[in-house]
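Remarks on the structure that follows.
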Amino acid sequence: MAERLLTFSIFRYNPATPEIPPRMQEFQLEETMGMSLFIALNRVREELDPSLMFDFVCRAAICGSCAMLINGRPGLACKTLTQDLREKITLMPLPVFKLVGDLSVDTGCWFRYLNVRTEAWIHTGKVFDPKEIEERMGNPTALEIYEAERCIECGCCVAGCATANMRADFVGAAFLNRIARFMIDPRDQRPRAQYFEVVGTDEGVFGCIGLMACDDLCPMEIPLQGQLAYVRRKMAQFALRGK
Amino acid sequence: MNWSDAHLTDVLVIGAGLAGERVAIEAAMNGHQVTILSLVPPRRSHSTAAQGGMQASLGNVAMGYGDNPDIHFEDTVKGSDWGCDQDVARLFTELAPVAVRQLSHWGVPWTRVVPGKKTLPEGAEIEDLPEKAGLIAQRQFGGTAKWRTCFAADGTGHVLQYAMDSVVLKLGVTVHDRTEAIALIHDGQTCYGAVALDLRTGGLRPYLAKAVVIATGGYGRMYGVSTNAVINEGTGMSIALDTGVVPLGNMEAVQFHPTGIVPAGILVTEGCRGDGGYLLDKNLHRFMPDYEPVKKEIASRDVVSRWMLHHMHQGFGVESPYGPHLWLDIRHLGAEHICTNLREVATICRNFLGIDAVQCLIPVRPTQHYSMGGVRTNREGEVSGLKGLFAAGEAACWDLHGFNRLGGNSLAETIVAGMVVGQRVAEYAKEASLIFPFFLVEDALDSQEKRLEDLRSRKNGDEDVFALRHRMEDALLNHVGIFRTSEALQQAVTALQDLYQRVGHVRLRSSGLGPNPELVAALRLPGMLRLALCISYGALQRTESRGSHYREDFPRRDDDTWLKRTLAYWRPGADMPELQYEPVKITELPPGSRGYGEMPIAGD
C-alpha cells in the first residue's frame with residue numbers, strides 16, 4: 001500500500017469558549033494499514049490536539065455512538081476505513097441533534113425523548129408470574145421483532161432525512177421503525193388507534209417525503225422504508241376497516 | 001459550592017448497563033425515587049455488546065432436557081475452579097430462569113424452539129419435541145453439561161438492554177447521561193452519595209442519596225487490547241477503592257476470551273463454537289480435540305485460551321503483521337445458520353475484517369474480556385466497609401465467578417444480581433433517611449474541585465497523560481496475561497509503581513475547559529493505576545494456578561493454601577495495595593476435578 005498523507009478537516013467548537021467561533025481545522029496523519037476513523041481520530045487527539053471531542057464506545061458498530069458526517073454523509077466513524085476515502089477527509093457533527101462540542105452530538109437525549117413520546121415499551125395488562133413458564137411465540141415472529149429491534153439509535157437516518165432537517169417535530173425513520181416493532185409484537189396490547197394517534201400525522205408517517213436517505217444510510221441495514229410503508233398501510237387498513 | 005446544584009434522590013445508581021438498570025427498576029417498583037448516572041446514554045452501555053446469550057436452566061431444547069439449577073450450579077462452581085461463593089451460585093442458578101422469563105414479559109425477542117430432527121456438525125442426530133415449540137430456545141456454551149444459553153440471534157445484550165431501558169423509561173426513572181461519578185461522599189462508615197463530573201460542561205455536582213449502587217462494569221481498557229468498549233475503565237471500582245475502607249475482591253482473576261478478532265480485538269461470540277464452530281491452526285488442523293478430547297472447543301474460556309496460546313507457542317500460529325493468530329471456522333454451519341443465529345458475527349467480519357464468514361476463516365486470538373474481581377459485597381450486594389453502598393454486575397465481586405466465569409453467566413448475573421441487590425437496596429432505602437453532614441459534602445466537592453483546578457492550571461509537571469496510559473496498558477498486556485510468572489509480574493508491579501509516582505506530575509497540553517477529553521483522561525488515570533497495581537500485585541502474591549490465574553512457576557491449584565479470596569485495600573496516602581485474604585465458602589460441592597483443562601501445561 002502506497003503511504004498517503006491524510007488531511008482531516010474537522011469541525012471545531014467548544015461551548016465552554018464561545019468567544020472562539022465555530023471553524024474548520026486541519027490535521028495531518030500518515031495513513032497506516034487498516035486505519036479506521038476510530039484509530040485516526042484517537043491519534044489526532046493523542047498526538048495533535050488533546051481537546052478534540054468525539055464519541056466512541058464499542059468501536060464495533062453496535063452501540064451507535066460515533067455517527068458523524070463523513071465527507072458530508074452520515075455514517076459510523078468506527079467502521080469507516082480511511083482506505084475507502086480520498087486523501088482529504090471532512091468530518092462534521094451530525095445535524096438535527098444538539099451539539100456537545102466538535103464532533104460530539106447529543107443523540108442520547110433526542111432518542112430518549114422520543115422513546116417516551118412514543119411510549120416505546122410493551123403495554124400489557126398481564127402480570128408477570130415468576131412461577132409460570134414463559135408464553136410461547138413462533139420463531140418467525142421472534143425473528144421479525146429482532147429485525148426491527150436491531151436499530152442502534154445512532155441517528156444516521158435522522159441526520160440524513162430532509163424532513164427531520166426541516167422540522168424539529170418529525171419523529172424520523174428510527175421511530176417509525178420502533179412503532180412497527182411494537183405493532184408486530186403480540187405481547188403489546190395497545191389498540192391500533194393508540195399507535196396512530198402518535199404517528200398518523202405530519203410528525204409521523206405523513207411527514208416522510210420519500211427521498212429514502214434513511215434506507216440508504218442505516219448502518220444496520222434495517223429496511224426502514226419497508227417498515228414505514230408497513231405502518232402506513234396498517235393505518236390505511238385501520239381507517240377503512242376499523243381493525 | 002452552590003447547594004442549588006445538589007441533586008437529591010432516594011437511590012443513586014452509578015452505571016446504566018444491565019445490572020444498574022435492573023437495580024434501578026427494582027428500587028423504582030418499590031416506590032423509590034431513583035437516579036441513574038451514566039458515562040453514555042444507557043443504550044450505548046457495554047452490556048449491549050454481549051452477543052451469545054444468557055444461561056438459565058429452562059431445559060427447553062433437546063440437548064438441554066433434564067437441566068435444572070443443580071446442574072447449572074455444578075457447572076458454575078467447576079467453571080470458577082472452586083473460587084466462587086457457593087451460596088451466591090446457588091441463589092443465582094435458582095433465579096436465572098425467572099430472570100429470563102421476566103425479560104420475555106418485558107419484550108425481549110428470544111429466539112424460540114422450532115421442533116424437529118436436526119443433525120449436529122459432528123454427525124449426532126437430535127430431536128426437538130413438538131411440545132416444546134415456541135418456548136425460549138437455548139444453545140451450547142463452554143463448560144456446561146447442558147445446552148442452557150438463551151439467546152436472541154447473536155444480539156442478546158442489545159435486545160436485553162433495550163427491553164430493560166424501556167422499563168426504566170416506563171417507570172420514569174431519572175437518567176443523567178454523560179455524567180461520571182468521580183468520588184464517593186463518605187465518612188469512613190456510611191456512604192452518602194457521590195461527586196460527579198458533568199461530561200457536557202466539565203462542571204462538578206454532588207448527588208446525595210440514601211443508597212448508592214456501583215454498577216459500572218469492568219476495566220478491560222486498562223489492557224492494551226481488549227474486547228471491551230472504550231468506556232470500560234474501571235471508574236466505579238476505582239472510586240470504591242479510593243475510599244480506603246472498601247476492598248476489591250480477586251482482582252488478579254482476569255478473563256481472556258478465546259475469540260477476539262485480530263487485530264481489532266472485537267469479540268465474536270462463544271456461540272460460534274457452541275453452535276459447532278472449530279478452531280484451526282496454520283495447517284488448518286483442528287487442534288482442540290488433541291488437548292481436550294471430551295470438551296474440545298467448548299471447555300471453559302480459561303482452558304481454551306491457554307491451549308490456544310500454548311499451541312501458538314508450539315509454532316502452529318498463523319503469522320500476520322499483527323503477530324500470530326489462529327482461525328475460527330464456522331463455514332460448515334451454513335449460510336442460513338450464520339445469517340440468522342450468528343448474524344452480528346457475520347456483520348462484524350464484514351465491517352472489520354472485510355471478509356464473508358460464510359466463505360472465509362476468521363482470524364482470532366485470546367483477548368482480555370472480563371473481570372471476575374470487583375467491589376467486594378455480601379450475597380445481597382452490600383459492600384464491605386461502607387453502609388449504604390452496594391454493587392452489582394461485573395463491577396462487583398459477590399462472588400459468582402471465582403477465578404473463571406462461564407460464558408452466558410455474565411448477562412445472567414447482571415439481571416439476577418440486579419433483582420437481588422435491587423431488593424436489598426429497596427429495603428435499605430425504606431429504613432434509611434436522607435441525612436448527610438454538610439461539611440462532608442463540601443469537603444468532598446472541594447477536594448475534587450482542587451484536582452480539576454490543579455490540572456487546568458497546568459503547573460504540575462511535564463508528564464503526558466496519554467503516554468503514561470499507554471505504558472500502563474503495555475505493562476498489563478505484556479506481563480499480566482494468560483501465562484504468568486513471578487518475574488514478569490514483578491516487572492509489571494515495578495513499572496506500575498513508577499507510573500503511579502509520575503501520574504502526579506501530569507501536565508495538560510490543552511486548556512482542560514469544558515467537556516475536555518484530556519482532563520477526563522487525567523482524572524481517571526491515577527485510579528486506573530491503583531486498579532492495575534491491585535491486579536498485578538494480587539497475581540504476584542497468589543502462588544498457585546486457579547481458573548484464569550495461571551502461574552507457570554506454580555502450575556497446580558493449591559486448595560490447602562489458596563482456597564481463599566484476595567481482598568485489596570488502598571489505604572489513604574499509600575503507594576501500594578494492602579492485601580488480606582478471606583476463606584471461600586464451600587457449602588455443597590467440595591473441591592475436585594473440573595473434568596477439563598487437566599493436562600499439564602507448559603507455558604514455554
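Scope of the values below: all heavy atoms of this structure, side chains included, with no hydrogens, waters or symmetry mates. By convention in this document, chain letters (A, B, ...) are assigned in the order of the sequence lines, proteins followed by strands, and residues within each chain are numbered from 1.
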- Quick one: which of A/Gly64, A/Pro130, A/Cys58, A/Ala142 has the most heavy-atom pairs under 4.5 Å with chain B, could you say? A/Gly64
- Salt-bridge test for A/Arg112 and B/Asp165: reply yes if a basic N is under 4.0 Å from a carboxylate O, no otherwise. yes
- Applying a strict 4.5 Å limit to non-hydrogen atoms, the region of A/Glu119 in contact with chain B is neither
- Query: Using a cut-off of under 4.5 Å for heavy-atom pairs, which of A/Gly101, A/Ala16, A/Ala60 has the most such pairs with chain B?
  - Reply: A/Ala60
- Query: So which part of A/Ser51 gets closer than 4.5 Å to some heavy atom of chain B, the side chain, the backbone, both or neither?
  - Reply: both
- Message: Is A/Ala61 in contact with chain B via its backbone, its side chain, both, or neither, using a 4.5 Å heavy-atom distance?
- Response: both
- Contact part of B/Val98 toward chain A, heavy-atom cut-off under 4.5 Å: side chain, backbone, both or neither? both
- Exercise: identify the closest heavy-atom pair between A/Gly108 and B/Arg44: N-NH2, 4.5 Å
- Query: Between A/Asp106 and B/Arg200, is there a side-chain N and carboxylate O pair less than 4.0 Å apart?
  - Reply: yes
- Please check if atom CZ in B/Arg471 has more than 12 non-hydrogen atoms from other residues, nucleotides or ligands closer than 6.0 Å. no
- Per-residue tally against chain B (heavy atom, under 4.5 Å) across A/Lys126, A/Glu47, A/Arg150, A/Arg181 peaks at A/Arg150
- Sidechain-backbone polar pair: A/Asn139 side chain, B/Arg112 backbone, donor-acceptor under 3.5 Å: yes
- Item | B/His158 side chain vs A/Glu149 backbone, donor-acceptor pair below 3.5 Å | yes
- B/Ser511 portion near chain A, given a 4.5 angstrom heavy-atom threshold: neither
- Message: Please classify the contact of A/Phe54 with chain B as side chain, backbone, both or neither, using a heavy-atom distance under 4.5 Å.
- Response: neither
